[in-house]
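See below for the structure under consideration.
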There are 2 protein chains.
Amino acid sequence: MEIETITIGTVLKRLRLSMKFSQEELAARSSLDRTYISMLERNIKQPTITTVFLLANALNMKPSEFVQQLEEEFDGHTIKRTTI
Amino acid sequence: MEIETITIGTVLKRLRLSMKFSQEELAARSSLDRTYISMLERNIKQPTITTVFLLANALNMKPSEFVQQLEEEFDGHTIKRTTI
DNA sequence: ATGTAGACTAAAGTCGACC
DNA sequence: GGGTCGACTTTAGTCTACA
C-alpha cells in the first residue's frame, strides 16, 4: 500500500486532546494560526520541520517523540510524494 | 539564545557522507532534486515533514532518529519562526 | 560532484469573517 | 470551541544551465 504524504492530523489531535488543549490554546502556545491547526488536524496541510518542532514544544514533548508517533501511523507504508 | 528556523544542513550532510552517498545519489534515492539537496545542506531551505521522511528513508534510518539528531543541534535553543 | 541563479508551480502559513 | 471559505504573502520543491 502506498500513501502520498505524511499526514499528522490524527496524531496531532490525539496528542492535543490528551493535553486537554483547545485548538486555540495550542495555536497560542505554538505561535501558529488556529485555522491552520484545524487544517493540520483535517490533513489538509502538511507542516514543515520547523512547524513540527513548534507543535512538539507546545505539547511538551520532544520532536523526535512526536515523529515517532507519526512513524507508527505509516509503518509498512511507502511514502510517495504526489507530484512524483 | 534564539534561532529562527530548524535548519538541517549540517546534520543532513554528515549523515549523507557517513553513508558515502553523493548528493546525486541521495537525490535519486529520495526522489528529490539534486539542487534542492544542495540547498538543504546549505540551510537555504527547510523541508516539510514528508521530505524528512523521504530523506530518512534514503539514509536507511527512521525519521525519528533523524529528528533526534536535529534536536541535539538545537538543544537548549528557542525555536522561533522568522515571520513571528 | 557541487554551487548557484533564474524562472516556474505548488503548497505552507496568515488573517478576517461567518456559521 | 471548531469548521470553512477566500484572499493573500511567502516558501517549498522542480528544472535548465553554467561555472
Side-chain angles (χ1 to χ4, degrees), chain A residues 2-59 63 66-67 70 74 78-84, chain B residues 2-59 63 66-67 70 74 78-84:
Chain A
E2 289 184 352
I3 53 170
E4 296 184 347
T5 47
I6 300 301
T7 50
I8 72 166
T10 311
V11 171
L12 178 60
K13 185 165 190 175
R14 182 176 68 235
L15 292 172
R16 174 176 66 80
L17 292 178
S18 77
M19 296 290 289
K20 304 199 175 180
F21 290 156
S22 65
Q23 289 185 353
E24 282 173 340
E25 281 176 301
L26 179 59
R29 292 173 58 92
S30 61
S31 304
L32 293 166
D33 196 78
R34 181 193 59 90
T35 65
Y36 180 58
I37 303 285
S38 171
M39 287 173 139
L40 287 177
E41 289 192 357
R42 286 175 290 129
N43 293 323
I44 294 175
K45 305 260 183 171
Q46 55 156 341
T48 60
I49 187 66
T50 296
T51 301
V52 170
F53 270 64
L54 289 169
L55 290 170
N57 282 353
L59 292 167
F66 189 98
V67 172
L70 294 180
F74 294 101
T78 302
I79 304 148
K80 199 168 186 179
R81 190 181 308 277
T82 315
T83 52
I84 292 177
Chain B
E2 290 183 347
I3 53 171
E4 297 184 345
T5 46
I6 299 300
T7 49
I8 72 166
T10 311
V11 171
L12 178 60
K13 185 165 188 174
R14 182 177 66 236
L15 292 172
R16 174 176 68 80
L17 292 178
S18 76
M19 296 290 290
K20 305 199 174 178
F21 290 156
S22 65
Q23 289 185 354
E24 281 174 337
E25 280 176 301
L26 180 59
R29 292 173 57 92
S30 61
S31 303
L32 292 165
D33 195 77
R34 184 197 51 94
T35 64
Y36 180 59
I37 303 286
S38 172
M39 287 171 139
L40 287 176
E41 288 191 356
R42 286 175 290 130
N43 294 323
I44 293 175
K45 304 261 183 170
Q46 56 156 339
T48 59
I49 187 65
T50 296
T51 300
V52 170
F53 270 63
L54 289 170
L55 290 171
N57 282 353
L59 292 166
F66 189 97
V67 171
L70 295 180
F74 295 102
T78 303
I79 305 148
K80 199 169 188 178
R81 191 180 307 279
T82 315
T83 53
I84 291 176

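Each chain gets a letter, A, B and so on, in the order the sequences are listed, and its residues count up from 1.
Rounded to whole angstrom, the span from the CG atom of B/L32 across to the C1' atom of D/dG13 amounts to 8 Å. Summarising the geometry, the separation between CG on A/L12 and P on C/dG13 is reported as 13 Å, rounded to the nearest angstrom. In this structure, the CG atom of B/N43 is 12 Å from the P atom of C/dG3, given to the nearest Å. Between A/K45 atom NZ and D/dA12 atom C1' the separation is 12 Å, expressed in whole Å. The nearest whole Å value for the distance from the OH atom in B/Y36 to the P atom in D/dT11 is 13 Å. Going from atom CZ of A/F53 over to atom C1' of C/dG13 covers 19 Å, rounded to whole Å. In this structure, A/D33 places its CG atom 13 Å from P of C/dA17, rounding to the nearest Å.
Candidate nucleotides C/dT2, C/dG13, C/dC15 were compared by shortest atom distance to the side chain of B/S22, and C/dT2 ranks first. Distance from the side chain of B/Q23 is smallest to C/dT2 among C/dA12, D/dA12, C/dT2. With D/dG3, C/dA1, C/dA12 as the candidates, the nucleotide lying closest to the side chain of B/E24 is C/dA1.
Summary of the strand contacts: A/I37 and B/L40 both lie near DNA chain D, and taking for each the nucleotide with the nearest heavy atom, the more 5' one is attributed to A/I37.
Between B/Q23 and B/L26 the shortest side-chain heavy-atom distance does not fall below 4.5 Å. Taking the side chain as every heavy atom from C-beta outward, B/I37 and B/S30 approach each other to under 4.5 Å.
Across B/N57, B/T51, B/V52, a single residue satisfies side-chain contact (heavy atoms from CB on, under 4.5 Å) together with B/L55, and that is B/T51. Evaluated for a side-chain hydrogen bond (donor to acceptor under 3.5 Å, both in side chains) with A/S38, the options A/E41, A/R34, A/R42 yield exactly one hit, A/R42.
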Taking only nitrogen or oxygen atoms into account, show me every contact under 3.5 Å that the protein makes with nucleotides 4-6 of chain C, one pair per line with its distance.
| unit_1 | atom_1 | unit_2 | atom_2 | d |
| --- | --- | --- | --- | --- |
| C/dT4 | OP2 | B/R42 | NE | 3.3 |
| C/dT4 | OP2 | B/R42 | NH1 | 2.2 |

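Distances shown here put every side-chain N or O of B/T48 at or beyond 4.0 Å from the OP1 or OP2 atom of C/dA11. Distances shown here put every side-chain N or O of A/Q46 at or beyond 4.0 Å from the OP1 or OP2 atom of C/dA11. Here B/R16 does not reach the OP1 or OP2 of C/dA1: none of its side-chain N or O atoms lies under 4.0 Å away.
Within 4.0 Å (heavy atoms only), A/E41 reaches no atom of the nucleic acid at all.
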